[in-house]
Q: 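Below: one structure in structure tokens.
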Amino acid sequence: MKIAIVGVPGSGKTTIFNALTRGRAEVTAYSPTLAPNTGVAKVPDFRLPVLEGIFRPKKTVPAEVSYTDIAGSLKTFGREGLGGEFLSYLTTADALLQVVRTFDDEKVPHPEGTIDPKRDIASLDLELAVSDLAIIERRLDKLETSLKGAKATERESYSKEQLLLQKVKTELERQIPIRQQGLATEELRMLSDYRFPTAKPMLVILNVGEERISEASQLEGEMSSLYPQFAVVALCGKLEMELAQLGDAEAREFREAMGLSAAALDRVIDLSYSLLGLVSFFTTASAELKAWTIPGGTPAPKAAGKVHTDMERGFIRAEVVGYSDLESCGSVAEARRRGLLRTEGKNYIIQDGDIVTFLFNI
Ligand SMILES: Nc1nc2c(ncn2[C@@H]2O[C@H](COP(=O)(O)OP(=O)(O)O)[C@@H](O)[C@H]2O)c(=O)[nH]1
Ligand SMILES: [Mg+2]
């Protein structure tokens, strides 16, 4: 599961990538030889410190989300004949994080000459729609040929796909991204193999200049109501990157001195996680408290397979206590006494926050 960071050159993508992943990728202009940066962010989870208090583990391992950051945009790549590479970067991502520049800095000229967040948001949607349309048109041409020679049995599925693609195409031509076309789950499933960028969930980060940081939450509110289809977070990329490179205590002091909320980056990571439809469950074996990431709706044996393939193959049952039950009991023993430690079988769907012990036999 990974999130691709996109946005206008100079909007602060690499800066924010560094802040999220505590990385030190070079903040620099586009170069065709530059490989994408990839890194992981630890998912902040208020439940971990509570569970540490209960289990006293030797080690705690939080969940992670992966981010990739690539220099350039569809436009710049298109011009340099690298459109394919950029497109594959987008199609392989599970969600997009768009950095929207709102900071003004004459040392960093905007490619369009002016700062205009709404224009930049619209132009990304347009670029992506154009690229989705090109794929749809190619597929429709192919479908037409296939339909001519199709057997009666194949005909139905081809026509169904053709109808759906025509419908999606008409909407894209009206500049409505696939994620906003109100398609049914079944229709989205039919489209999923194409991995269309405009179908992917998108998170918008408003990169606010350091001198306007006090207006961040107001700006965030305004843009959230203008774009109800996106989760929007406003933060100052430059400050966040600098703070991410300090020790925790030092960063906290600076934040307090500057009146910055600690939550902005955490919210971005948290939103990324939920945008991807991911949930966490916890294991506590071998004095290690560990958060595991699974898609919502995962059955227990599949979740066990995350921990070890043997656990999935030899799955017998799971002992489960929900986070809030455990929190209110204060210990597993008390949860057991109150009947809140449950035994679940292979059809059990793991819930966000479950503390799980898998029993298996191979
Ligand atoms: N003043 C200011 N400059 C920023 C901010 N975020 C990024 N920059 C600067 O903008 C330039 C481009 O940033 P970068 O992260 O490389 O943008 P990218 O091209 O989108 O990856 C760098 O010189 C950054 O230091 C910000 O919040 N305020
Ligand atoms: Mg960059």
Side-chain angles (χ1 to χ4, degrees), residues 2-39 41 66-80 82 85-86 89-90 93 96-117 119-121 123-125 127-128 197 202-220 223 232-246 251 254-255 258-265 267-268 272:
K2 78 173 189 227
I3 299 198
I5 305 179
V6 293
V8 175
S11 55
K13 295 185 294 297
T14 304
T15 305
I16 288 169
F17 169 85
N18 282 339
L20 287 168
T21 61
R22 298 191 163 226
R24 292 175 185 268
E26 201 181 337
V27 175
T28 165
Y30 163 70
S31 131
T33 55
L34 217 61
N37 301 309
T38 60
S66 306
Y67 291 93
T68 57
D69 158 49
I70 194 168
S73 67
L74 209 51
K75 251 191 210 157
T76 52
F77 277 99
R79 241 180 259 138
E80 322 215 5
L82 285 171
E85 190 187 321
F86 186 69
Y89 160 76
L90 289 184
L96 306 178
L97 187 163
Q98 182 181 10
V99 176
V100 177
R101 176 164 170 182
T102 68
F103 73 87
D104 209 349
D105 186 343
E106 58 203 22
K107 291 195 294 302
V108 188
H110 190 294
E112 305 288 329
T114 52
I115 306 299
D116 184 345
R119 172 202 59 207
D120 291 350
I121 292 175
S123 97
L124 181 76
D125 260 348
E127 284 181 49
L128 297 180
M202 181 142 74
L203 172 63
V204 169
I205 295 195
L206 305 170
N207 190 5
V208 181
E210 47 281 33
E211 68 290 344
R212 290 186 56 200
I213 193 67
S214 58
E215 297 159 48
S217 65
Q218 186 198 337
L219 191 63
E220 186 179 297
M223 295 296 265
V232 180
V233 176
L235 52 78
C236 176
K238 204 172 173 184
L239 284 178
E240 294 295 344
M241 181 175 109
E242 286 162 7
L243 290 172
Q245 288 165 359
L246 299 176
F254 270 95
R255 276 187 193 286
M258 287 183 296
L260 283 178
S261 83
L265 270 189
R267 270 171 56 224
V268 172
S272 307

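The figures that follow rest on heavy atoms only: side chains count, while hydrogens, waters and symmetry mates do not. Both ligands and their constituent atoms are indexed starting at 1 by order of listing.
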Q: How long is the span from the CG atom in Asp69 to the CG atom in Leu20, to the nearest 0.5 Å?
A: 10.0 Å
Q: When you look for heavy atoms under 4.0 Å from ligand 1, do you find them on the side chain of Thr14, its backbone, both, or neither?
A: both
Q: Sub-3.5 Å donor-acceptor pair from the side chain of Lys13 to the main-chain atoms of Val8, do we have one?
A: yes
Q: Using a 4.0 Å heavy-atom cut-off, which part of Asp105 comes near ligand 1: side chain, backbone, both, or neither?
A: side chain
Q: Can you find a heavy atom in the side chain of Ile5 that is under 4.5 Å from one in the side chain of Ile205?
A: no
Q: Answer with yes or no whether Ile16 contacts ligand 1, where contact means a heavy atom under 4.0 Å from a ligand atom.
A: no
Q: By number and element, which atoms of ligand 1 are closer than 4.0 Å to a non-hydrogen atom of Gly237?
A: 27 (O)
Q: Just jot down the ligand 1 atoms closer than 4.0 angstrom to any heavy atom of Val108, in number order.
A: 10 (O), 11 (C), 23 (O)
Q: Considering both backbone and side-chain atoms of Phe103, is one of its nitrogen or oxygen atoms within less than 3.5 Å of a nitrogen or oxygen in ligand 1?
A: no
Q: Does ligand 1 have an atom under 4.0 Å from some heavy atom of Val8?
A: yes
Q: If we only count N/O pairs under 3.5 Å, is Ser11 in contact with ligand 1?
A: yes
Q: Are any of the side-chain heavy atoms of Leu96 and Leu128 separated by less than 4.5 Å?
A: yes
Q: Testing the basics here: between Tyr67 and Ser272, what is the closest heavy-atom pair and its distance to 0.1 Å?
A: OH-OG, 2.7 Å
Q: Return the option from Arg101, Lys107, Met241, Lys238 holding the heavy atom at the smallest distance from atom 26 (C) of ligand 1.
A: Lys238
Q: Which part of Glu210 is near ligand 1, with near meaning a heavy atom under 4.0 Å away: side chain, backbone, both or neither?
A: side chain
Q: Please determine which of Leu90, Leu97, Thr38 meets the side-chain contact (heavy atoms from CB on, under 4.5 Å) test together with Thr68.
A: Thr38
Q: Taking all non-hydrogen atoms of both residues into account, name the closest pair between Ala4 and Ala93 and its distance.
A: CB-CB, 3.5 Å
Q: Within a distance under 4.0 Å of any heavy atom of Cys236, pick out the atoms of ligand 1 and give their elements.
A: 27 (O)
Q: Without swapping roles, check the side chain of Asn207 against the backbone of Val99 for a donor-acceptor pair under 3.5 Å.
A: no
Q: For Pro9, which part has a heavy atom under 4.0 Å from ligand 1: side chain, backbone, both, or neither?
A: backbone
Q: Does only the side chain of Leu239 get under 4.0 Å from ligand 1, or the backbone, or both, or neither? Count heavy atoms.
A: neither
Q: Could you tell me whether the side chains of Thr114 and Arg119 share a donor-acceptor contact shorter than 3.5 Å?
A: yes
Q: Are Arg101 and Glu112 ion-paired here, with the side-chain N under 4.0 Å from a carboxylate O?
A: no
Q: For Gly7, state whether at least one heavy atom is located under 4.0 Å from any atom of ligand 1.
A: no
Q: From the Mg ion (ligand 2) out to just under 2.8 Å, does an N/O/S atom of Asn37 turn up?
A: no
Q: Run the numbers for me: atoms of ligand 1, each under 4.0 Å from some heavy atom of Gly12, listed by number.
A: 7 (C), 13 (O), 14 (P), 15 (O), 17 (O), 18 (P), 20 (O)
Q: Any atoms of ligand 1 less than 4.0 Å from a non-hydrogen atom of Val208? List them with their elements.
A: 27 (O)
Q: Are the side chains of Leu243 and Arg255 in contact, using a 4.5 Å heavy-atom criterion?
A: yes
